[in-house]
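Everything on this sheet refers to the single structure shown next.
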Amino acid sequence: MKLAPMLLAGATLTIAGSTAALSYSSPINVDKKGVALHGYDPVTYFDLDKPQKGSEKFAFTYFGAKWYFVSAENRKKFAQSRGTLIPEYGGYCAKAVSENKLADVDPLAYKLVGGKLYLNSDMKVQKIWEQDISGRISKADEYWPSVRPKP
């Protein structure tokens, strides 16, 4: 995952207070309230057959974004994951990043590839992205450092 090395250098985390002290802006795709993944629980993408909406009751602020979870157990799992459960490209559309731009996502337009979560802006875009997954990932990996939101 592209974000994991940065997590160790810049984040101070505490589960009890659900806060993260960051010395940089977050490259995570968030809504106007600062919520990542449109409120979906990132753990459910990996552990369940389909993603589920999380709850503010189990919120956790990490990497400059609020993440919602379906349970305290999922929140703990995420907190201990060292960034490996964060969607690739900060949760921005994988196809858009492969074209050197940013776009919001539909949290249900996703695919797990090599243990990583990739999201796209809608199901139509998802199908286009799936026609050349490895090529799109390669291009997105190349463009992400320059296209990602900066501090």
Side-chain angles (χ1 to χ4, degrees), residues 1-11 13 20 22-55 58-71 73-151:
M1 185 167 287
K2 307 298 163 264
L3 303 175
M6 293 173 38
L7 294 175
L8 299 176
L13 305 174
L22 303 174
S23 59
Y24 49 86
S25 289
S26 173
I28 303 296
N29 181 12
V30 296
D31 65 15
K32 290 179 182 180
K33 294 181 179 180
V35 177
L37 277 176
H38 295 275
Y40 277 78
D41 178 339
V43 177
T44 62
Y45 286 86
F46 296 91
D47 291 354
L48 301 175
D49 289 338
K50 74 178 208 174
Q52 294 182 2
K53 275 271 203 178
S55 166
F58 302 111
F60 182 69
T61 301
Y62 185 63
F63 214 73
K66 287 183 233 168
W67 303 83
Y68 293 165
F69 300 91
V70 298
S71 67
E73 180 181 331
N74 277 14
R75 180 178 60 199
K76 182 178 178 183
K77 184 182 277 191
F78 180 84
Q80 294 175 341
S81 74
R82 299 172 55 104
T84 60
L85 298 176
I86 292 176
E88 290 298 288
Y89 319 121
Y92 286 96
C93 175
K95 180 182 176 291
V97 175
S98 77
E99 296 169 349
N100 201 24
K101 54 189 177 183
L102 296 176
D104 196 16
V105 296
D106 172 350
L108 300 178
Y110 74 97
K111 187 162 186 78
L112 293 172
V113 178
K116 297 177 182 180
L117 174 60
Y118 296 88
L119 300 158
N120 280 292
S121 59
D122 59 42
M123 294 309 287
K124 182 179 176 184
V125 168
Q126 177 80 15
K127 290 190 184 306
I128 295 168
W129 182 81
E130 288 178 345
Q131 292 173 358
D132 184 14
I133 293 173
S134 63
R136 292 279 183 178
I137 290 173
S138 178
K139 278 291 189 192
D141 287 350
E142 177 184 333
Y143 289 133
W144 179 241
S146 63
V147 76
R148 79 182 196 101
K150 304 292 187 281

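Among E130, E99, E88, the single residue meeting the salt bridge (Lys or Arg N to Asp or Glu O under 4.0 Å) criterion with R136 is E99. H38 pairs in a side chain to side chain donor-acceptor pair (under 3.5 Å) with only one of the listed residues (D104, D106, N29, D31), which is D104.
At distances below 3.5 Å, not a single donor-acceptor pair connects side-chain atoms of K50 with backbone N or O atoms of L48. With hydrogens and angles disregarded, a donor-acceptor distance shorter than 3.5 Å links the side chain of Y45 to the backbone of P107. D41 places a side-chain N or O within 3.5 Å of a backbone atom of V70 that can act as its donor or acceptor partner. For the pair S138 (side chain) and G135 (backbone), a donor-acceptor distance under 3.5 Å is absent.
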Subject >> Check against side chain to side chain contact (heavy atoms under 4.5 Å, CB included), K77 and D47 >> reply: CA-CA 11 Å; K77 184 182 277 191; D47 291 354; 2.6 Å; yes
**OP:** Determine, step by step, whether N120 and C93 satisfy the side chain to side chain contact (heavy atoms under 4.5 Å, CB included) criterion, reporting the C-alpha distance in whole Å, the side-chain angles of both residues, the deciding distance to 0.1 Å, and the verdict.
**Re:** CA-CA 4 Å; N120 280 292; C93 175; 3.4 Å; yes
**OP:** Would you please test V30 and V35 for side chain to side chain contact (heavy atoms under 4.5 Å, CB included) and show each step?
**Re:** CA-CA 5 Å; V30 296; V35 177; 5.9 Å; no
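By the 30° and 60° cut-offs, the orientation of the rings of F78 relative to F60 is perpendicular. Between Y118 and W129, the ring planes lie tilted relative to each other; the angle falls in the 30° to 60° range.
More than 12 heavy atoms of other residues, nucleotides or ligands shown are found within 6.0 angstrom of CD on E142.
Between P51 and T44 the shortest heavy-atom distance is CA-OG1, 3.3 Å.
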